[in-house]
Amino acid sequence: MMPSQQGYDRAITVFSPDGRLYQVEYAIETVKRGALAVGVRTKNGVVIAVEEKSRKLQIITTPQKIFQIDYHIGAAAAGYIPDARVQVDDARYFSQSNKLTYDEPVEVETVAKHLADQSHQFTQYSGVRPFGVALIIAGVDRKGTKIFVTDPSGTYIPYTAVAIGGNSDEVTDFLEKNYKNGMSMDETMSLAIAAINLKSDEKDVKHIRMSKIRTDTKLFEKVSSEELAKHAQAEGASSNKST
Amino acid sequence: MMPSQQGYDRAITVFSPDGRLYQVEYAIETVKRGALAVGVRTKNGVVIAVEEKSRKLQIITTPQKIFQIDYHIGAAAAGYIPDARVQVDDARYFSQSNKLTYDEPVEVETVAKHLADQSHQFTQYSGVRPFGVALIIAGVDRKGTKIFVTDPSGTYIPYTAVAIGGNSDEVTDFLEKNYKNGMSMDETMSLAIAAINLKSDEKDVKHIRMSKIRTDTKLFEKVSSEELAKHAQAEGASSNKST
Amino acid sequence: MMPSQQGYDRAITVFSPDGRLYQVEYAIETVKRGALAVGVRTKNGVVIAVEEKSRKLQIITTPQKIFQIDYHIGAAAAGYIPDARVQVDDARYFSQSNKLTYDEPVEVETVAKHLADQSHQFTQYSGVRPFGVALIIAGVDRKGTKIFVTDPSGTYIPYTAVAIGGNSDEVTDFLEKNYKNGMSMDETMSLAIAAINLKSDEKDVKHIRMSKIRTDTKLFEKVSSEELAKHAQAEGASSNKST
Amino acid sequence: MMPSQQGYDRAITVFSPDGRLYQVEYAIETVKRGALAVGVRTKNGVVIAVEEKSRKLQIITTPQKIFQIDYHIGAAAAGYIPDARVQVDDARYFSQSNKLTYDEPVEVETVAKHLADQSHQFTQYSGVRPFGVALIIAGVDRKGTKIFVTDPSGTYIPYTAVAIGGNSDEVTDFLEKNYKNGMSMDETMSLAIAAINLKSDEKDVKHIRMSKIRTDTKLFEKVSSEELAKHAQAEGASSNKST
Amino acid sequence: MMPSQQGYDRAITVFSPDGRLYQVEYAIETVKRGALAVGVRTKNGVVIAVEEKSRKLQIITTPQKIFQIDYHIGAAAAGYIPDARVQVDDARYFSQSNKLTYDEPVEVETVAKHLADQSHQFTQYSGVRPFGVALIIAGVDRKGTKIFVTDPSGTYIPYTAVAIGGNSDEVTDFLEKNYKNGMSMDETMSLAIAAINLKSDEKDVKHIRMSKIRTDTKLFEKVSSEELAKHAQAEGASSNKST
Amino acid sequence: MMPSQQGYDRAITVFSPDGRLYQVEYAIETVKRGALAVGVRTKNGVVIAVEEKSRKLQIITTPQKIFQIDYHIGAAAAGYIPDARVQVDDARYFSQSNKLTYDEPVEVETVAKHLADQSHQFTQYSGVRPFGVALIIAGVDRKGTKIFVTDPSGTYIPYTAVAIGGNSDEVTDFLEKNYKNGMSMDETMSLAIAAINLKSDEKDVKHIRMSKIRTDTKLFEKVSSEELAKHAQAEGASSNKST
Amino acid sequence: MMPSQQGYDRAITVFSPDGRLYQVEYAIETVKRGALAVGVRTKNGVVIAVEEKSRKLQIITTPQKIFQIDYHIGAAAAGYIPDARVQVDDARYFSQSNKLTYDEPVEVETVAKHLADQSHQFTQYSGVRPFGVALIIAGVDRKGTKIFVTDPSGTYIPYTAVAIGGNSDEVTDFLEKNYKNGMSMDETMSLAIAAINLKSDEKDVKHIRMSKIRTDTKLFEKVSSEELAKHAQAEGASSNKST
């Protein structure tokens, strides 16, 4: 948490004397306070995963932080989750509308840019606050597997593997060290589990939600608890990851 | 009650330096100051109940905190009740409009998502305050029995059994310990009464309002004082609940 | 009067850290500063009465705090009276419009809900202040005799007998102790006079304005000074009220 | 003058903790700072009068504080006079429009209610200030002679005789003591002059402007300086007024 | 200059506790800071004059503070002159539009009232500041010679002779002492020059701009420097004015 | 620079207690902080010139502070130059539109008044700041050669020779002393160069941009560096200017 | 970083007492905090380059700070990059629309002026903040090679070679010393690399992104890493640049 900044940080559309937009920086702080989310892509597909803890009688079949945007695109969120839901809803309409207009599936980058533009608008005009969420937009389109990160400032950046939310810097370091070109989907899922668990108090997979999109099917699929447990074991077995 | 936060908590659309939206957190505090409301679902139906005290000459046939949304959906509220009434009115229009458009009863989740989206809008735009109420949306649709909780932040989360309002954490613990799969509707109602009375000063049922929707009829019904009293006795007789 | 609350109480659409809407609470304080108003219903009709002091040359044939809304509905106000006049005007249009649409007299609860919804809007949006008035809406419709109280927060609650305004808590206590089922209209009017005078400096009826609606005629009637004086005597004669 | 009230008195649509609308009270203070205006009605007509001092070369044939609204209605103002002019202009249009719609002269109460409703709007919505003026609306219509007082809060109250502006409480007391039923128009004018001069530094009629509407003609007439002087003498001759 | 008033004087539409509109009073202060302007009318015509100092290479054939509104109406301004220009432009359109509608020259009072109404609007609504200028509206219409003064508060008052701007109180005193009924146009112009020079550092006429409208021609005419000089001499010769 | 004025200077549409509009005065301060600009007219034409320093690799063929408005009108700016560009763009549209409507070239004064009116609007309404620029509008129309100065307050004043921006008072003094009726265009250009260089650190013409409009051609022409240098020499040769 | 300026710097449309627009100056500070960008033009084409550091698994084929606007125009940005993206998107629409209207490629200056006008609007109206970015707009049109710089104040200035962002003053000095007329495209690219590396911690080309537009093709081309490395070597070999 940053110390208060003499009032420049309270009005949304105001620069501070050193040229900073504090409201945007604070919204990014909201992202850092959120639980971890990771995305990894290989030649064979993309994997997104989040840490998500629930009450005992909460129904977890519909995860709160992983969303399907189109049949070939998904998103994982870190930060203020109601903002994520609203942005994802918007992205769903955008994708369908794009499909109707051009008669082909929307590209992943087009969706990421659309959401980044929307986030940007909320940093320049008064009467609104910035979105308090970062999203990993992941999918497979005719250009291959794609992962983009959007954040409250309105940027969107393509990655091969990335983490957002709490401890994202360390986890991204971990991904950079352990990512290998040509990993299989199974290895990719194991890596994502290891990334989530790197800084987590819990070391099993009950607190993990994961989805994947394979290059051959181009279909968003939920990864079941059983599959998660299997990959966690695989990951544990070969646990010689660099940290 | 939280201490004042240097002015970040007064303007609605502003993040604090540590990335929090104080106005939303304060609205959630309004919910915690409200009286308790619980919702429990079983295979056979859903039950919602609230604590509601009245003046002697107040007419209690129309409860203030339990609402019928559609013939198969009800809601229980905790927090600033006029906000609940407005959201429920909106949900009623939404349900009827949905029925007219798709010619089938609206799903419970669709209603919950609609209200959560509405709550979210009131956290992002200026000129309004957030809604100061949480709602348990309960119903029976073609997917079975459903319970969702919406709150001022704009989230909606599915539960099997849950409490909102004052002491909701302890009461939800109590529900988690005593909920059993396959409970009959009678057992479910007894559990709800026990949950309301767990932290209440009063131990009878005069201060309890309850409604239920059975899976076979799919019809919202008010539970009469007589029925309440009967289940309270049943509950007292077998009062070996875990706390 | 409550002490100032560190600025949370100045902007209308803002929650305080403990989840309160001070502007609404202050508007309710306006009601408490107002003169007393009471409403009592029996099987045979409803009675509303207010305390209203005037300058010597003021013309009192048109009371300031009792209003006719429709031929079968009236209202008594406590608090900021110009707000009451505006709400009553609105209720008159609403009643006539309802009559034209459905070709039957509007129900009392429909009017009360309409005014409560209107009051609620003024608590959630900026650019306005809440209404500073509570109203007793009383009438006779096809469901029988009805009394509702609306207040600045946007609630409406049905009562058999109730007081609003200054000392309303003690006077409602008094009504609860002395209300009897099956009272005649004459006894009801005597009870209302006793209620008004319970905490008043004056003990005659010069400062009381009263109207009644009988179940058989369903017509709003002003109670004359003569009739008031007669019931006051009756009330004095049998003055064994519980306090 | 009241002391400053910790900021509750600066924003128009805000209640203070004790339930007061300071901006409205301050606007009423503007009225009290204004020069005195009085209105008296008898069976035979109505009289309005104001205290109005002028520079030597100012042209006084058109008074600044007495206005004709319709041929049978006039107004006297105390407070911020440009506000009075705007409200009177509005009342003139309203009267003509009423005449065109219903083909009969507007009633005095209808005009008073219209202006009070307008004043009320300016107390509830932001972006405006309340009107800083009180008006005595006086006239003769098919119901007889009528006098109403409107003020910044949005109330309108009927009187037989009343004073507004500086020292209005003492002068209203004086009117209450000296008003007699069945006074002739001449006696009424003398009483009005005595009322104006009760607290004035000047004791002649140079600083008085007066208009009257007689029941038989129903026509607004300016009272000439000569007529004023004559009634002042009459008033002086029989100066046994109670004070 | 008045001392600061605890914040009541910064927001336009706010009354102070003692019922004052500080923004309007400050705008009137702007008028007092302006250079002097005078207006005098006689049976034979009206004269307006202002004090106006210029740089050496400024072109003075078009004065900055005297304006022609219609062929028979002119205006002299004191205060914030760009506001005067805007009001005069508006008055020109208004006069032409009036001519087109009624097919006769607009009356001087109609123009003065129009400008006063406009000034008033700027004192009641937020988002604007009051006009910071007073105007002497002078002209000859079918009712004779007329002079009105409008000011930032929205009043308009008819005068025979008047001064606005710096030292206007003393100069109006001077005019009241020296004005004589039946003065010729020449005497009137001499009086106006004497009035301007009463408190001025300069005693010739280089700093004076003057216009006149004669009753016989009803035409706005600029008074040339030569004519000014001639009347100044005349004025000096007979300089037995009372001060 | 003026000291801060207790908050009256921060909100645009607010008068200070002594009747000043600080925001307008501060905008005029912006003009004084700008580089010098001068305008001089003779019978034979008008000349405008500015001081404009550039980086070495900046392209100076399009000057930043001298603009062509129409083929016969130009402008020189001092202050916040982006504001000048916007006002000049507006003036270009205005001139063309005027030409289309009246089928003759717009007059210089018409353009100056248009820009002054626009500047005035930005001093009276909220939601904008005043323009921070003064303009010398110079041209030749059917009335001859014309120079007007517009400034942030909304005034426009005709001059024969004038300076705006930094040190404009001294330079205008200089112009008043050295301006001679009947100067040739060459002498006029030499005078303008001398005026710019009076207070400048540099004494050559590299930092000077100049344009002229001759009475015979009525065409806006840029004065080339060579021509500037020639006149500077001429000016140096006969450098017996009064200061 | 500048020290805080007593509140003048927080509201966008407000001048400070010394005539400065702090919000605009702070936005320019944002530019200075950004990474360096340079633009250089020769007879044969234009080159733009930026410093852009990335995470290891970030995909760098689409640079974040260099944009293609039209087939013959590109842009390099320094400052708040999401603002740059939005301005560039706008410029793309503008260019296409211009092409459709006039049926010829838009000129580089037309695009620069359009963006500067847009930036200016955001400095004068409330409800928005200024753009926090400077852009080098570079291209080849029928007038030859062109480079313009736009900044948050709304200016646009043509250059032959220029740097924006961090250390731009030193780097522009460096360009001014080392720029030579008649440089080949290869020499130009080497100069741009040297300019970026002048103040950079890194001395190779991994952190440099570059694009060029050749006069003969008039086509925006990305410069590949290989080509960059080659020119860096060339630059190193002949590293006798003046600093």
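Convention: sequence-line order gives letters A, B, ...; per-chain numbering from 1.
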Check each atom of F/Ser119 against the heavy atoms of chain E and say whether the ones under 4.5 Å are side chain, backbone, both or neither.
neither
So does F/Asp216 have more than 12 non-hydrogen atoms from other groups sitting under 6.0 Å from CG?
yes
Tell me, do E/Arg129 and F/Leu21 make a side-chain contact under 4.5 Å, heavy atoms counted?
yes
Take a 6.0 Å sphere around NZ of E/Lys222 and say whether it holds more than 12 heavy atoms from other residues, nucleotides or ligands.
yes
Heavy-atom side-chain proximity of F/Gln124 to E/Phe122 below 4.5 angstrom:
yes
Turns out that what part of E/Asp89 lies under 4.5 Å from chain F's heavy atoms comes down to side chain
To the nearest 0.5 Å, how far apart are OH in F/Tyr156 and CD in E/Gln64?
7.5 Å
Tell me whether E/Tyr80 contacts the main-chain N or O of F/Ser153 through its side chain, where contact means a donor paired with an acceptor under 3.5 Å.
yes
Side-chain contact test, heavy atoms from C-beta onward, threshold under 4.5 Å: evaluate it for F/Val162 versus E/Arg55 and give yes or no.
no
May I ask you to name which of F/Lys113, F/His120, F/Glu109 has the most heavy-atom pairs under 4.5 Å with chain E?
F/His120
Interface moiety of F/Val24 toward chain E, non-hydrogen atoms closer than 4.5 Å
side chain
When you measure from the side chain of E/Arg85 to the backbone N and O of F/Gly154, does any donor-acceptor pair fall under 3.5 Å?
yes
Close side-chain approach of F/Asp173 to E/Lys56, heavy-atom, < 4.5 Å:
no
Considering only heavy atoms, which portion of F/Asp169 lies under 4.5 Å from any heavy atom of chain E: side chain, backbone, both, or neither?
both
The single option from E/Ile59, E/Ile60, E/Leu57 that satisfies side chain to side chain contact (heavy atoms under 4.5 Å, CB included) with F/Pro158 is E/Ile59
